[in-house]
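Computed from a predicted model, the values in this text were never measured in an experiment.
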Amino acid sequence: MHIELSRDTEFIEQLLTNVQQNQQLADWNWFKRAYDITETLLIPEPNQLKALNQLKNIEFLPHQIDTAIKVINEMNGRAILADEVGLGKTIEAGLIIKEYLIRQLVKKILILVPASLVNQWANELNDKFFIKATVAKKNPCWSNDGILITSIDLAKKEPHRSMILEQQYDLLVIDEAHKLKNKQTQNYQFVQAISKKYCLLLTATPIQNKLNDLFNLVTLLKPGLLGDQDSFLKTFDRGSPELDHQLKKLIQKVMVRNLRHETKMNTKQRTVENITIPFTEQEYQFYQKLDQASFFNHNAIKILHLREFCSSREALFTTLNKEDHKEARSLIEDLQQLPHHAKALKLVELVKSINKKCIVFTEYRATQVYLQWILRENGISSVPFRGGFKPSKKDWMKQLFKDHAQVLIATEAGGEGINLQFCHHLINYDLPWNPMRVEQRIGRIHRYGQQNDVHIYNFSMIDTIEDHVLKLLYQKIDLFERVIGHLDQILAELHLKSFDEEINQIIQQSQSVGEIKIKMNNLTEVINEYQIDGDESDNRESS
């Protein structure tokens with residue numbers, strides 16, 4: 001193949017003429033523009049981020065900057081961001097995305113999040129990082145370059161699934177990544193099949209409890225880092241200080257986990273008040289009658305009903321009404337004669353005394369409806385928030401709460417992932433039996449961006465199963481005061497199951513409420529003793 005080459009003499013002649021006549025050699029504006037672009041694209045020093053110069057509107061915390069630098073420079077953009085709730089994992093992910101965009105290392109980005117968080121992600125990227133992202137709706141164009149945010153539920157359905165798997169993504173981001181821990185699920189297999197250069201998995205849920213789950217998440221990022229699954233489990237399932245240290249070093253190659261007490265997030269404190277409430281005489285007699293009922297075919301069912309009555313008459317009625325038994329119908333008749341629930345009346349009293357915005361968490365949908373009614377009867381405005389709402393309705397409820405209502409009444413599913421830093425009072429109307437879920441709740445307000453100290457109020461009915469749970473699972477091991485930072489690690493090192501599984505097993509295998517109390521007490525004794533030993537060990541090492 002013959003290629004003709006010709007010399008450009010015009011440029012040389014023009015240059016020489018300009019030099020001889022002392023004229024400018026190039027257009028200054030064009031030169032300055034080219035210089036600025038070149039300077040922007042220069043890769044900075046290892047401990048620097050170009051994005052920080054363009055994001056003067058955000059005051060990043062040191063741990064957020066350190067995380068971004070570590071993920072980019074040491075983990076090659078494949079990492080699990082596992083900070084405790086409220087420390088700014090989304091901020092860290094946004095900073096990493098911005099840095100990669102500035103360095104022109106990514107163009108095509110897919111962000112998979114729960115449906116309820118799609119709009120929140122789009123708003124945060126736009127408002128904080130000046131990153132324009134497209135929210136994928138009914139008929140998205142998956143082949144376009146740019147940043148696309150969608151729910152994993154939409155993405156995994158056909159024809160979207162096949163079209164996504166045909167793409168080559170520069171960066172894949174997964175929020176609430178703990179839902180991918182089981183490799184047998186469709187979600188896991190779908191994410192594993194997506195072609196991606198960089199990948200960020202975000203989860204505040206501790207991942208140390210099950211070695212299988214840990215192995216599966218790490219394998220999504222760096223297959224082979226932990227070897228094959230059988231060998232990994234045989235090696236590390238035995239547990240020893242040496243093996244634990246070895247595993248920790250391996251995991252640190254792909255995971256960053258910042259704890260609240262290690263960061264500068266301690267500036268806004270949390271105060272906790274446990275409020276115990278007595279039943280009225282009529283209510284307590286009913287509680288005793290329910291406890292002694294003989295038609296329950298399993299102790300766990302009785303515990304469920306007792307917990308429901310500690311919440312509201314409506315919560316108990318909803319399930320009791322499904323029982324086809326004479327004794328159950330008698331209980332329903334008694335239930336309908338009871339006055340307003342003592343706990344609900346206490347809520348009204350507390351909300352009035354606070355006289356500021358409050359978020360109230362309940363375990364039961366029926367209780368949520370009842371509380372909204374009784375608050376309205378007492379002149380207190382409120383809005384509901386639950387998992388069944390569409391994303392647009394959740395955004396609307398959140399905005400109504402911020403601009404108009406005094407109280408937001410949320411169920412567990414509804415509260416997942418929402419950011420409510422404009423509120424700093426939280427009432428646990430019903431306490432879950434897993435303390436980590438309470439930490440998730442508190443993280444809705446005690447998080448990055450909170451300007452006030454946070455106040456937590458925990459309700460429980462005196463001399464009930466709810467009261468025993470508060471005393472044993474919370475007060476005895478100081479979980480609220482310590483913040484639940486180490487609990488997942490303690491469970492793992494004691495080779496216990498997740499907290500939910502441990503509590504469920506206690507309930508299923510106990511024949512009475514008394515037996516449940518004894519077993520819960522034993523569990524907290526073990527955790528508390530280990531926690532004290534661990535603190536003493538840390539003190540010895542530091543000295």
Side-chain angles (χ1 to χ4, degrees), residues 46 66-83 89 92-93 96-97 99-100 103 105-106 108-112 152 155-156 161-162 164-258 488-489 492-493 495 498:
D66 291 344
T67 294
I69 291 172
K70 188 171 187 177
V71 169
I72 292 171
N73 293 335
E74 298 178 28
M75 298 180 174
N76 196 30
R78 285 178 167 254
I80 301 169
L81 304 183
D83 291 0
K89 290 182 294 300
E92 293 166 356
I96 293 167
I97 293 170
E99 185 70 19
Y100 275 142
R103 297 187 189 186
L105 293 174
V106 299
K108 194 179 184 72
I109 301 172
L110 179 64
I111 302 175
L112 299 178
I152 194 166
K156 71 182 180 185
R161 184 181 189 278
S162 296
I164 288 172
L165 295 184
E166 289 174 359
Q167 310 304 314
Q168 299 280 334
Y169 289 99
D170 298 315
L171 173 60
L172 175 66
V173 180
I174 312 284
D175 198 5
E176 303 290 341
H178 51 272
K179 296 177 180 177
L180 298 176
K181 289 191 287 190
N182 184 349
K183 71 176 182 181
Q184 305 302 325
T185 62
Q186 186 182 358
N187 284 1
Y188 185 95
Q189 293 164 8
F190 170 56
V191 169
Q192 189 176 41
I194 296 175
S195 176
K196 61 263 186 194
K197 180 180 178 183
Y198 304 118
C199 184
L200 301 176
L201 304 179
L202 281 63
T203 173
T205 304
I207 60 172
Q208 295 97 326
N209 290 341
K210 289 186 178 180
L211 287 178
N212 257 330
D213 295 343
L214 179 61
F215 181 89
N216 292 337
L217 274 183
V218 172
T219 300
L220 276 178
L221 294 173
K222 295 193 176 179
L225 178 67
L226 301 179
D228 68 273
Q229 191 164 14
D230 289 340
S231 300
F232 170 77
L233 293 176
K234 284 180 183 176
T235 302
F236 294 105
D237 205 27
R238 291 173 287 159
S240 71
E242 294 78 15
L243 287 173
D244 289 344
H245 180 68
Q246 184 181 343
L247 178 59
K248 189 174 181 180
K249 285 184 68 175
L250 278 172
I251 300 308
Q252 284 175 342
K253 293 182 179 180
V254 292
M255 185 176 81
V256 182
R257 180 159 172 79
N258 294 302
D488 55 323
Q489 181 180 344
E493 292 179 7
H495 300 286
S498 69

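- Between Ile96 atom CD1 and Tyr198 atom OH the span is 11.5 Å, to the nearest 0.5 Å.
- Residues forming a side chain to side chain donor-acceptor pair (under 3.5 Å) with Asn258 (at least two apart in sequence, or on another chain): Thr67, Asp83.
- Scanning all heavy atoms of the two residues, the minimum distance from Tyr188 to Leu180 falls at CD1-O, 2.7 Å.
- Leu112 places a side-chain heavy atom less than 4.5 Å from the side chain of Phe190.
- Between Val256 and Met75 the shortest side-chain heavy-atom distance falls below 4.5 Å.
- Scanning all heavy atoms of the two residues, the minimum distance from Ile194 to Tyr169 falls at CG2-CD1, 3.8 Å.
- Using a distance-only test at 3.5 Å, with no hydrogens or angles considered, a donor-acceptor pair links the side chain of Asp170 to the main chain of Lys108.
- Within the 4.5 Å cutoff, the side chain of Leu226 has heavy atoms near those of the Ile251 side chain.
- Take Lys196 and apply the salt bridge (charged side-chain N to carboxylate O under 4.0 Å, His left out) test, not counting sequence neighbours, and it matches no residue.
- In this structure a side-chain-to-backbone donor-acceptor pair under 3.5 Å is present from Gln189 to Lys183.
- Of the residues listed (Leu110, Ile109, Ile111), the one engaging Leu171 in a side chain to side chain contact (heavy atoms under 4.5 Å, CB included) is Ile109, and it is the only one.
- Closest of all the heavy-atom pairs between Leu202 and Lys89 is CD2-O, 3.8 Å.
- How far CD of Gln168 is from CD of Glu166: 11.0 Å, rounded to the nearest 0.5 Å.
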Scan the side chains in residues 216-224 for donor-acceptor partners under 3.5 Å anywhere in the protein, sequence neighbours excluded, and list what turns up.
residue, atom, partner, partner atom, Å
Asn216, ND2, Lys181, O, 2.7
Asn216, ND2, Asn212, O, 3.2
Thr219, OG1, Phe215, O, 2.7

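- In this structure the side chain of Asn187 reaches within 4.5 angstrom of the side chain of Lys156, judged on heavy atoms.
- Here the side chain of Arg257 pairs no donor or acceptor atom with the backbone of Gln252 at under 3.5 angstrom.
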